[in-house]
Amino acid sequence: MTLLLTTFAVLLLVGTPIAIAMIAASGLVIWNEGIPLTVVAQRVFAGLQSFPLLAVPLFTLAGSLMNESGISERLFAFTKAIVGHIRGGLAQTAVVGNVFLAGISGSSVADTAATTRVLVPQLERNGYSREFGAACAAAAGTLGPIIPPSILMVLYAWQSNVSLGALFVAGIVPGLVMAVAMSLVIVILARARGYPTSGSFAWAALWTAFRNALWALLMPVIIIVGFRLGAVTATEIAGVAAFYAAFVGIFIYRTLKWSRLPAILRTTARETAVILMIAGAAAPFSWILGIEQAPQLVVTAIQSVTSEPWVVLLILNVALLVAGMFMETIAIMIILVPILVPLLTSLHIDLVHFGIILLVNLVIGQLTPPVGVLLFVVMTIAKVSLGRLVREMLPFIAGLVVALALITYIPAMSLMLPKLLKF
Amino acid sequence: MRAPALQRIDDAVTRAEDVFLWISHGVIATLIVAAVVFRYFLGSPLVWTEEFIVIAFSWMLFIGLASGFRERMHLRIDALLILLPIRARFALGLIATTATAITLLGLVWFGMDQAITLLETQTPMMRISATWAVASLPVGAALSCLHIARHAVVDGIGETLWPPDLVAASVDVEE
C-alpha cells in the first residue's frame, strides 16, 4: 500500500492528471506483484460500464441547457423580488437565488460562475465591495451539490450503494440550513457595514418574476416526483430532466437556439468524461486498497481510538475539511468512500446521512486555499485578489462550519424528509 | 517547434472528436427518453437500448478522455504548480508528461489485448462482439497520446498537460 500511495502522491504533486496518477500507481503495484497488467485495463473499463453513471452526463446536460436559456437571470430576478427590499438584500439574492439554481444545476462551479457574472457587477454598482460580492457568489455556489440534483450525489450513491432518490431528498433540508447560515452572515455584515436595500417589495413584481421563473422552478419538482413514483430509474429521470430543459429553453423561453445544442452536448460530454475517468481509474486503485485491506486497517485504527460515533464523525469532519483544502473534490470522494463505508457500517452510521456530511465538507473545501476551485472561479471572473477574497470569505466559511456541525449531529435534518416521503 | 503535419493531423482528429462527442451524447439522451416513452406510453419496451447506450457511453467517455487532453482540462492538483515560476514547471512537466504518456501507451497495449481476447464474445442482448465496446479504451488512449504529442512538440513540455495560466484554466476546466 505504501508503494501505491507514495507513487500516487508524487504523481499528483508534479501535476499529473488525477485519473492518470491513479492508473499509473495501480499499474506499478500490480506489475510489482507480478499480476498481469491487463487487469488494470480491464478494471478501468469495467469501472465505467454502469448504466446508473449515465445520470452524470444527463444531469450536467440539463443544468447546462437551463443555464444557456438564461434561467439564472430569471431566478435572480425572482429572488430579488422576494428579498431585495431587506438590508443587504442584493447580497441575500445570491444565497436565495442559489437555492433555486441548485435545484436545476448539480454543479457548484457552474452556479458560482453564473452568480458571479450576473450579481457581482450589480452588487458593486449598489455600493458593495467587489470582494464581498465575489465571496457571496462563491459561498452561495456551495449549495449546488447539496440541493438536488447533484452530480456528486450520483457518484456517492453509485459508490456506497444507497438510494439516489433518498440522497437527493436528504440534501434539501441541509441545503436550506446552509443557506440560512450564509443569510445570517450577510445580515450581520450588512448591519455592521450599512449595506443598502435594493428596491421595495411589491406583490405585482413578485408575481411577474415568479411567472417568468416558473418553468425552471418546476424542474426539481419533476425530479423528486419522478424518484418518488419509482417508475423510472435515476438515469431515465436525468434524461427526462435534460429533455424538459431543452423543451423549456427552445419552445417556452425561446432563448435557447437549436444551433447551440451541438456545442452544449459536446462540452457536457467532455466534462463528464473528465469527471468519470477518475471513477474508472479508481476501480483498479480501490481494488488494490481492498486487497491490502485498507478499509479494515482504517476501521481498526479508528476503533482503537474510539468507537463513539459522534467522536468518529468529529474526526472525519476535521480530516475531510483538511483534505478538502488540498485535494480535488471528486478525487477525495472516489478514493475515500470505499474505505470509509465499512467503518460507518460498523458504527451504524446511516450512509445517506454520511453522504450529506461528506458533501458539505467537500463543498466547504472548495472555498479554502490553496486548491479551492470556487475561489479561482470568482477570482478569474470578478478579477479580485486571493488575499482580499479570502478575508471576505472567512465569515461565510465560519457560518458553513456551524451548519456542518448541525447537519452532522442532528441526523434528522438529513433523514427526516426521506422518511416522510417514504424513500 | 511547428511540426505542421502533426498539427494538421491533430486538428483533424480534434474536429472528428468534437462531432463524435455531441452526436453520441445526443443519441444517448434521446434513446434514454425514447426507452421511457416506449415502455410506458407505447407498451413496447426497447430491450436493446440499455446495452447500446452503455456501449455508446463507453465510446463517449474514452473519446472524451482524448478530447480532455486536447483541451488540457483533466483534473489535477495545481497547488504546487501555481506556486512555481513558469520555468520551473518544465521539470515537473517532464515527469508528469512522461508518466502520462507511459500510462496511456500501457492502456493502448493492454486495452488492445483485451479487445482481441473478447473478439468472439457476444453481448447478451444485441449479440454483437464485445470488442465493439472494449475497443473504446485503446482508441481513446491512442488519441490521447496524439494530443499529448502535439502539445509537447508545439507548445513545449511545460505546457503539455497544463496551460500557462493555471488560475484561469481552473475556471475553463469545470464551467
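Only heavy atoms go into these numbers, but all of them, side chains included; no hydrogens, no water, no symmetry mates. Chain identifiers are assigned alphabetically (A, B, ...) following the order of the sequence lines, protein sequences preceding nucleic acid strands; residue numbering begins at 1 within each chain.
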* side-chain contact (heavy atoms from CB on, under 4.5 Å) between B:Trp22 and A:Leu261, intermediate numbers included -> CA-CA 8 Å; B:Trp22 79 258; A:Leu261 287 183; over 6 Å; no
* To do: Apply side-chain contact (heavy atoms from CB on, under 4.5 Å) to A:Leu155 and A:Ile275, showing your working.
  => CA-CA 10 Å; A:Leu155 289 172; A:Ile275 292 171; 4.0 Å; yes
* Hey, mind stepping through B:Arg70 and B:Asp10 against salt bridge (Lys or Arg N to Asp or Glu O under 4.0 Å) and telling me if it holds? -> CA-CA 9 Å; B:Arg70 177 68 172 82; B:Asp10 188 66; 2.9 Å; yes
* Test log, rule side-chain contact (heavy atoms from CB on, under 4.5 Å), inputs B:Trp162 and B:Leu92 -> CA-CA 11 Å; B:Trp162 335 295; B:Leu92 299 190; 4.1 Å; yes
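Between chain B and the options A:Val40, A:Val10, A:Val39, A:Leu61, the largest number of non-hydrogen pairs under 4.5 Å is found for A:Leu61. No other option in A:Met277, A:Gln42, A:Arg270 has as many heavy-atom pairs under 4.5 Å with chain B as A:Arg270. Between chain B and the options A:Leu37, A:Thr112, A:Leu374, A:Leu58, heavy-atom pairs under 4.5 Å are most frequent for A:Leu37. Residue with the most contacts toward chain B among A:Thr16, A:Leu28, A:Leu54: A:Leu54 (heavy-atom pairs, distance under 4.5 Å). Of the listed residues (A:Ala269, A:Ala331, A:Ala46), the one with the most heavy-atom contacts under 4.5 Å to chain B is A:Ala269. Your options are B:Val134, B:Leu161, B:Ile53, B:Leu107, and the one with the most heavy-atom pairs under 4.5 Å with chain A is B:Val134.
Between B:Leu146 and B:Phe69, the closest side-chain pair of non-hydrogen atoms is not below 4.5 Å. Two residues are said to be in side-chain contact when any heavy atoms from C-beta on lie closer than 4.5 Å; A:Trp158 and A:Ser50 meet this criterion.
Using a 4.5 Å cut-off between heavy atoms, A:Thr268 contacts chain B through both its backbone and its side chain. Contacts between B:Asp113 and chain A at a heavy-atom distance below 4.5 Å involve the side chain alone, from C-beta outward. In this structure, the portion of A:Leu276 lying under 4.5 Å from any heavy atom of chain B is its side chain and not its backbone. Contact annotation for B:Val19: neither backbone nor side-chain heavy atoms come within less than 4.5 Å of a heavy atom of chain A. Interface remark: B:Ala66 contributes no atoms to any contact with chain A (heavy atom separation under 4.5 Å). Contact of A:Leu11 with chain B is made through the side chain alone, with heavy-atom distances under 4.5 Å. Contact of B:Glu17 with chain A is not made at all, since no heavy-atom distance falls under 4.5 Å. With a 4.5 angstrom heavy-atom cutoff, B:Ile77 touches chain A via backbone and side-chain atoms both. Contact annotation for B:Phe20: neither backbone nor side-chain heavy atoms come within less than 4.5 Å of a heavy atom of chain A. Heavy atoms of B:Ile55 lying under 4.5 Å from chain A are absent altogether. In this structure, the portions of A:Ala24 lying under 4.5 Å from any heavy atom of chain B include both its backbone and its side chain. A:Ile278 touches chain B through its side chain: at least one heavy atom from C-beta onward sits under 4.5 Å away, while N, CA, C and O do not. Looking at B:Val33, the atoms closer than 4.5 Å to chain A (heavy atoms on both sides) all sit in the side chain, from C-beta outward.
Under the 3.5 Å distance criterion, with hydrogens and angles disregarded, a donor-acceptor pair is assigned to the side chains of A:Gln49 and B:Ser58. Side chains of B:Arg72 and B:His151: a donor-acceptor N/O pair is present below 3.5 angstrom, by distance only. Using modelled atom types, one finds no donor on one side chain facing an acceptor on the other under 3.5 Å when comparing A:Gln366 with A:Thr142.
Under a 4.0 Å N-O distance rule, the pair A:Glu68/A:Lys257 does not qualify as a salt bridge. Looking at B:Asp11 and B:Arg150, a side-chain N of the basic residue comes within less than 4.0 Å of a carboxylate O on the acidic one, giving a salt bridge.
Residues of residues 135-143 of chain B lying within less than 4.5 angstrom of chain A, judged on heavy atoms, are B:Ser136, B:Leu137 in numerical order. Contacts with chain A (heavy atom to heavy atom, under 4.5 Å) involve no residue of residues 120-127 of chain B.
Interatomic distance, B:His147 NE2 to B:Leu104 CG, rounded to the nearest 0.5 Å: 11.0 Å.
Residues A:Phe285 and A:Phe8 bring their aromatic ring centres within 6.0 Å.
In plain terms, the two heavy atoms of A:Ser105 and A:Ala110 that are nearest each other are OG-CB, 4.2 Å. Listed here is the closest heavy atom pair of A:Ala134 and A:Val384: CB-CG2, 4.1 Å.
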